[in-house]
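Scope of the values below: all heavy atoms of this structure, side chains included, with no hydrogens, waters or symmetry mates. Note that ligands are numbered from 1 as they come in the structure, with each ligand's atoms numbered from 1 the same way.
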Amino acid sequence: MPLGMEKPSISNGLYRGLREGILINQIQIRVDPDFIHDRQYLRRLVSEKIHATVESFEITRRSIDARSKRPQYVLQIDWFAGERSLRETVPGPCKPVRSDHSVLVVGAGPAGFFAALELLRLGIKPVILERGEEVRSRNKTIAKLLRHGVVDKESNYCFGEGGAGTYSDGKLYSRSKKRGDVREVLDTLVAHGADPDIRIDAHPHIGSNKLPTIIQNLRHTLLCCGGEIYFNSKVADFAVRSGRVEGVITEAGGTFQADAVILAMGHSAREIFDFFRRNNLPLEPKPFAAGIRLEHPQALIDQIQYHHTPRHPNLPPASYGFVSQIDGRGVYSFCMCPGGQIVPSSTAPDELVVNGMSYAKRNSKFANSGIVIEIRLEDIGNFHKEGPFAFLAFQKALERQAFEFGGAVGQQAPGQRMTDFVEGKISSSLPATSYLPGIRPAPVHELFPPKLYHRLKNALISFDRKQRGFLTREAVVLAVESRTSCPVKIPRDGASLMHPSVLNLYPCGEGAGYAGGIVSSAMDGQRVARKIAENLGCL
Ligand SMILES: Cc1cc2nc3c(=O)[nH]c(=O)nc-3n(C[C@H](O)[C@H](O)[C@H](O)COP(=O)(O)OP(=O)(O)OC[C@H]3O[C@@H](n4cnc5c(N)ncnc54)[C@H](O)[C@@H]3O)c2cc1C
């Protein structure tokens with residue numbers, strides 16, 4: 001049910017209800033890709049379906065049904081009697097910032113940015129401290145990483161303004177059932193320059209060429225409304241007195257004080273986890289998923305999914321989503337990037353991590369996806385002795401080994417043809433790849449403990465049973481996909497959202513273990529901000 005629709009009545013597939021005070025009716029139509037951009041045709045189709053002439057209509061959801069030989073668009077449509085149109089929803093204006101409260105936000109990723117904007121909306125001043133560069137300088141550092149394979153420890157695919165999602169596919173799905181909150185995040189992105197279609201697409205996406213401008217615009221709003229942001233300001237320690245956090249200390253020795261501190265530092269801020277270790281503060285081990293990144297020629301995925309190549313010009317590059325239970329454990333495709341590129345997401349020069357991104361048009365010749373499995377304590381051998389850091393230690397070991405397999409040269413990655421990975425043999429040659437730092441043949445299958453490899457391999461075989469042609473020597477496997485989520489969890493009290501041992505410290509977003517992905521991290525940021533306002537008596 002779309003946002004704001006109340007008590008719909010349903011008859012003959014037609015929905016009726018109130019949306020923002022306007023009586024609307026909702027129907028679903030199926031459209032051939034030839035006509036998807038033809039507004040007159042769509043209007044006729046809607047009119048035919050309801051046996052009346054429709055003046056105004058709005059597409060509220062768009063998806064593709066590719067099950068038949070000829071894929072079709074499926075549109076959910078709101079139509080109204082008369083020439084009325086729904087009001088655009090824009091995020092509420094900021095209140096004047098109060099001088100008596102301020103909140104420090106560690107990290108300018110989706111969780112940090114959306115927490116800061118929500119604080120401003122509630123009249124509280126946020127001060128963001130970000131270890132990395134502002135996004136335009138970060139662009140240049142990333143270009144060097146791709147060209148020369150040199151990882152800057154403070155500015156890379158995970159660190160810097162906008163956080164880990166800045167150079168991503170910009171997929172905006174969330175499994176959250178709170179559609180209202182999801183819509184609020186999407187509205188904020190649209191108000192800052194994202195394509196309004198993200199509000200209606202079943203699988204909305206933005207693209208790495210558009211995201212930096214949106215992030216700059218978010219920063220502009222933050223500054224205009226009275227917030228502050230400091231770049232190249234890595235938080236190294238916390239000022240804690242009598243069990244209460246009073247501020248933070250940066251690596252350069254700067255000190256910042258505030259009423260509360262939001263920890264929105266993402267899943268790769270290992271020094272922050274060390275702070276908890278040094279101070280004997282509770283942390284929990286958190287199972288995470290790891291595996292490989294798989295890349296096919298996009299034309300092959302189009303052929304498999306759309307039953308036709310070249311694909312229809314009005315269809316986007318095809319994507320896929322797989323999950324198989326192998327020996328009682330789910331193995332699944334993760335963060336699939338149609339028309340995308342594999343990128344090095346390492347945060348230190350002696351490790352190798354891969355991930356995927358794409359541009360708005362998704363127009364590369366490749367389709368990539370993580371194929372991952374949840375790692376449990378029983379999988380990680382002696383690393384389980386590391387207590388709360390068990391999964392983190394295992395993650396580090398995988399990344400270090402992947403670096404060695406890649407030849408320990410820049411960010412060159414170990415590669416294996418998909419069929420050779422399944423057969424457990426080193427490839428004598430490798431197909432073309434989108435991964436710019438380069439790949440070299442290596443025994444990627446030996447990277448994982450045998451039981452994990454067995455599951456990954458059998459999952460690929462089972463995916464091929466579902467979609468014939470998926471298992472192919474034209475596809476290549478790169479390693480290692482290991483930063484899917486955070487391998488530790490920072491506890492927080494369910495009612496106050498504070499850390500149970502440090503008052504006024506608010507773990508938040510993916511790095512604290514409360515979100516996964518851009519939208520859910522942004523929503524967690526908003527939730528924490530509202531709770532802080534409540535705890536400070538500012539609501
Ligand atoms: C290549 C790639 C592609 C992705 N694609 C998608 C996608 O398509 N869709 C999707 O939903 N998700 C995607 N993700 C995941 C998504 O980016 C994350 O889930 C999301 O960004 C988490 O948000 P966050 O704010 O919690 O943390 P982050 O985005 O990780 O932000 C944390 C910020 O904190 C900063 N920081 C860390 N330590 C410190 C410190 N000590 N002091 C100061 N600042 C610090 C970091 O520099 C960073 O900017 C992708 C991730 C990557 C790496």
Side-chain angles (χ1 to χ4, degrees), residues 104-116 128-135 138 142 152-175 182 185 203-208 211 215 229-238 248-252 254 256 261-275 293 319 334-338 340-347 353-358 362 368-370 481-486 507-525 528:
L104 293 172
V105 183
V106 182
F113 252 118
F114 277 78
I128 302 184
L129 297 166
E130 166 56 53
R131 72 191 293 163
E133 298 169 289
E134 56 80 28
V135 72
R138 190 180 172 197
I142 294 244
D152 180 323
K153 285 167 86 171
E154 308 305 333
S155 185
N156 46 56
Y157 273 96
C158 290
F159 296 156
E161 188 181 20
T166 305
Y167 306 95
S168 70
D169 187 59
K171 277 181 284 296
L172 301 169
Y173 340 138
S174 166
R175 268 177 262 152
V182 176
V185 171
H203 292 145
H205 115 107
I206 294 182
S208 291
L211 282 157
I215 286 157
I229 184 162
Y230 296 90
F231 297 109
N232 307 306
S233 300
K234 177 172 167 184
V235 170
D237 212 343
F238 297 84
V248 305
I249 301 132
T250 63
E251 198 171 55
F256 291 79
V261 175
I262 299 180
L263 274 185
M265 70 297 167
H267 57 33
S268 296
R270 292 172 174 170
E271 311 81 2
I272 301 260
F273 306 139
D274 272 343
F275 162 81
R293 191 143 281 254
S319 60
F334 173 79
C335 184
M336 202 257 145
C337 300
Q341 200 174 315
I342 301 183
V343 294
S345 311
S346 318
T347 47
V353 183
V354 285
N355 206 315
M357 62 149 236
S358 71
R362 286 179 162 162
N368 70 69
S369 168
E481 176 88 21
S482 54
R483 304 274 175 103
T484 52
S485 63
C486 198
C508 177
E510 186 161 45
Y514 297 93
I518 296 169
V519 172
S520 70
S521 301
M523 291 196 301
D524 197 53
V528 166

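For atom 47 (O) of ligand 1, the nearest non-hydrogen atom of the protein is E130 OE2, 2.6 Å. Closest to atom 37 (C) of ligand 1, if we only count protein heavy atoms, is M265 O, 3.1 Å. Nearest protein neighbour of atom 51 (C) of ligand 1, counting heavy atoms only, is A164 O, 3.4 Å. Here the protein heavy atom with the shortest distance to atom 39 (C) of ligand 1 is R131 CD, 3.5 Å. Annotation: atom 41 (N) of ligand 1 to nearest protein heavy atom, V235 O, 3.0 Å.
Closer than 4.0 Å to atom 14 (N) of ligand 1 lies none of the heavy atoms of the protein.
Contact annotation for S521 and ligand 1: only side-chain heavy atoms (C-beta onward) come within less than 4.0 Å of the ligand. Neither the backbone nor the side chain of C337 comes within 4.0 Å of ligand 1, counting heavy atoms alone. Contacts between D524 and ligand 1 below 4.0 angstrom, taking non-hydrogen atoms only, are absent altogether.
Evaluation of the side-chain hydrogen bond (donor to acceptor under 3.5 Å, both in side chains) rule for E161 yields R219 as partners, not counting sequence neighbours. With sequence neighbours excluded, the residues satisfying salt bridge (charged side-chain N to carboxylate O under 4.0 Å, His left out) with R131 are E154, E271.
Side-chain contact check for F256 versus V261: every heavy-atom pair is 4.5 Å or farther apart.
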